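Quick note on labels: first sequence line is chain A, next is B, and so on, each numbered from 1. Just so it is clear, the structure is predicted and the values come from calculations on it, not from any experiment.
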Protein chains: 2
Amino acid sequence: MSLKHSLLVLLSGQPSTGYELSQKYKKAIGFFWQASHQQIYKQLKVLTEEGFLTFEEQRQQGKPDTKRYQITGEGLDELKRWLSSEVKPAKTNDALLVMLYAGTHVDRAVLVKEIQRHKALHEKNLKKLEAIQDLYFSLGKDQQKEYRFPYLTLKRGLLAEKAWLEWATEVIDELSDPNHDLE
Amino acid sequence: MSLKHSLLVLLSGQPSTGYELSQKYKKAIGFFWQASHQQIYKQLKVLTEEGFLTFEEQRQQGKPDTKRYQITGEGLDELKRWLSSEVKPAKTNDALLVMLYAGTHVDRAVLVKEIQRHKALHEKNLKKLEAIQDLYFSLGKDQQKEYRFPYLTLKRGLLAEKAWLEWATEVIDELSDPNHDLE
DNA sequence: CTGGCCATGTAATGCGTTACATGATTAG
DNA sequence: CTAATCATGTAACGCATTACATGGCCAG
């Protein structure tokens, strides 16, 4: 598993609190790694027990105390070890495609509506990614170089969403065509 | 979750044994839903207890007894109910992209090698899907109509793999270019 | 005054992976 | 003789989701 390693990656950049990390999962790397705040807080505890992280407690007014975690030397070693290991290809479990596969059992209008709902979500997602890309393009050359690797992953997200949308558009067209069954 | 529903979908086509189902996950729908044989055998038991499946036992020589499962009326109802529900978009957890994101911490050659390893896997996968597509194209019109929905999902697999490979090719090129850091 | 975001967690349950167990048949 | 495929499972563990718990701040 790599929740562990994605946390180490994020913390290798800068010390962060659980909340800040969970924001990064939502915004920066959410399109290729997702984790809930419950998972994150628990895993931070585990990683600390394993010696890969340490934290400082900070009191805040009106808010619960917070722990700012940072990676240890051991943590960095573990991260580097993992970065040279072989990882498994991402596994996909896509309920929408299961539905479509069984399309003969459903009313076509219902099916098309559900695909359209997903299409709207993917469009929203694509816009978010494009906004990040615009931000990247607006950086100076040096900064672009600094964010080169994140940018390569962003590109993946952009291409993946575009490919998804092209497919969905085709499918919706085909399933919406009233003449389709008639010949 | 939809392991449950993907099983109902597969069994709505024809009664099958656990092994046959696990083959279908590998071959027919594996590119959008994956399940191990351990999960399948366990879930078949659960679905039977819930009244969605029944089975007949069959003795075999030299092999363990086998159960051929079929969907019940209740199972079909449950399937149809699910097919009209809203499902969640597929979640992706892609360890390779986590690695790439942290690319500054790794030796570039190691990183490129790992991406190439994945590329080979995706190429193999694409070939499999293309073989299924060829099979589909070789069918008569009526049969093509019968497999229309599975074909739409197959198209998704093909487009997704092609998009992945284009991306990977670009990334490998860029990371392999020895002049890249020099300017 | 309501809903959303800030902010941190625990507990129960459900799902998925790895390891283990068994044993026959077939292809190289 | 060896590895792969056929064929069916159990058990332990690890990972993910859902529900619950708490409470302040801010915008409409």
### Task
Please find out if less than 6.0 Å separates the ring center of Phe55(B) from that of Tyr69(B).
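Aromatic pair counts; centres sit under 6.0 Å.
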Listing time: all N or O pairs from protein to nucleotides 9-12 of chain D that are below 3.5 Å?
from: dG9(D); atom 1: OP1; to: Lys67(B); atom 2: NZ; distance (Å): 3.3
from: dG9(D); atom 1: N7; to: His37(B); atom 2: NE2; distance (Å): 3.4
from: dG9(D); atom 1: O6; to: His37(B); atom 2: NE2; distance (Å): 3.3
from: dT10(D); atom 1: OP1; to: Lys45(B); atom 2: NZ; distance (Å): 3.3

#### Entry: Salt bridge flag under 4.0 Å for residues Arg68(A) and Glu57(A)
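No, Arg68(A) and Glu57(A) are not salt-bridged.
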Over how many whole Å does the gap from [X] atom [atom1] to [N] atom [atom2] extend?
X        : N       : atom1 : atom2 : result
Asn93(B) : dT17(C) : CG    : C1'   : 15 Å
Lys27(B) : dC6(D)  : NZ    : C1'   : 11 Å
Lys24(A) : dC6(C)  : NZ    : P     : 15 Å
Gln23(A) : dA7(C)  : CD    : C1'   : 10 Å
Tyr19(A) : dA7(C)  : OH    : P     : 6 Å
Leu44(B) : dT8(D)  : CG    : C1'   : 11 Å
Gln43(B) : dT8(D)  : CD    : P     : 17 Å
Gln34(A) : dT17(D) : CD    : C1'   : 13 Å

### Message
Mind checking if Ser22(B) touches a base, just sugar-phosphate, or nothing, with heavy atoms under 4.0 Å?
### Response
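Ser22(B): no heavy atom of the nucleic acid under 4.0 Å.
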### Query
Base, sugar-phosphate alone, or nothing: which one does Lys91(B) contact when heavy atoms must sit under 4.0 Å apart?
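Sugar-phosphate, backbone atoms only, no base.
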### Bend angle of the helix from dC1(C)-dG28(D) to dG28(C)-dC1(D), end axes from five pairs each (to 10°)
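The two end axes of the helix from dC1(C)-dG28(D) to dG28(C)-dC1(D) meet at 50°.
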### Query
So do Trp164(A) and Leu126(A) actually touch side chain to side chain, heavy atoms under 4.5 Å?
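A side-chain contact under 4.5 Å is absent here.
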### Message
Tell me whether Asp142(A) at atom CG has more than 12 heavy atoms from other residues, nucleotides or ligands lying less than 6.0 Å away.
### Response
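No, not enclosed.
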### Query
Hey, is OH on Tyr136(B) packed in by over 12 heavy atoms from elsewhere, all under 6.0 Å?
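Above 12, so yes.
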### Pairing residues for His5(A) by the ring pair (Phe, Tyr, Trp, His ring centres under 6.0 Å) criterion, not counting sequence neighbours
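By the ring pair (Phe, Tyr, Trp, His ring centres under 6.0 Å) rule, His5(A) matches Trp82(A).
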### Task
Applying side chain to side chain donor-acceptor pair (under 3.5 Å), name anything that partners Lys119(B), two or more places apart in sequence or on another chain.
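Listed in chain order: Thr169(B).
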### Message
My understanding is that only residues two or more places apart in sequence, or in another chain, count here; which of them pass side chain to side chain donor-acceptor pair (under 3.5 Å) with Tyr151(A)?
### Response
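Partners of Tyr151(A) under the side chain to side chain donor-acceptor pair (under 3.5 Å) test: Gln133(A).
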### Query
Tell me the salt bridge (Lys or Arg N to Asp or Glu O under 4.0 Å) pairs involving residues 79-102 of chain A, sequence neighbours left out?
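Every salt bridge (Lys or Arg N to Asp or Glu O under 4.0 Å) pair that includes a residue of residues 79-102 of chain A, provided the two are not neighbours, is Glu78(A)-Arg81(A), Glu86(A)-Arg117(B).
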### Query
Is any side-chain nitrogen or oxygen of Gln39(B) closer than 4.0 Å to OP1 or OP2 of dT17(C)?
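Result: yes.
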### Query
Under 4.0 Å: is that the gap between some side-chain N or O of Lys26(B) and OP1 or OP2 of dC6(D)?
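For dC6(D), neither OP1 nor OP2 has a side-chain N or O of Lys26(B) closer than 4.0 Å.
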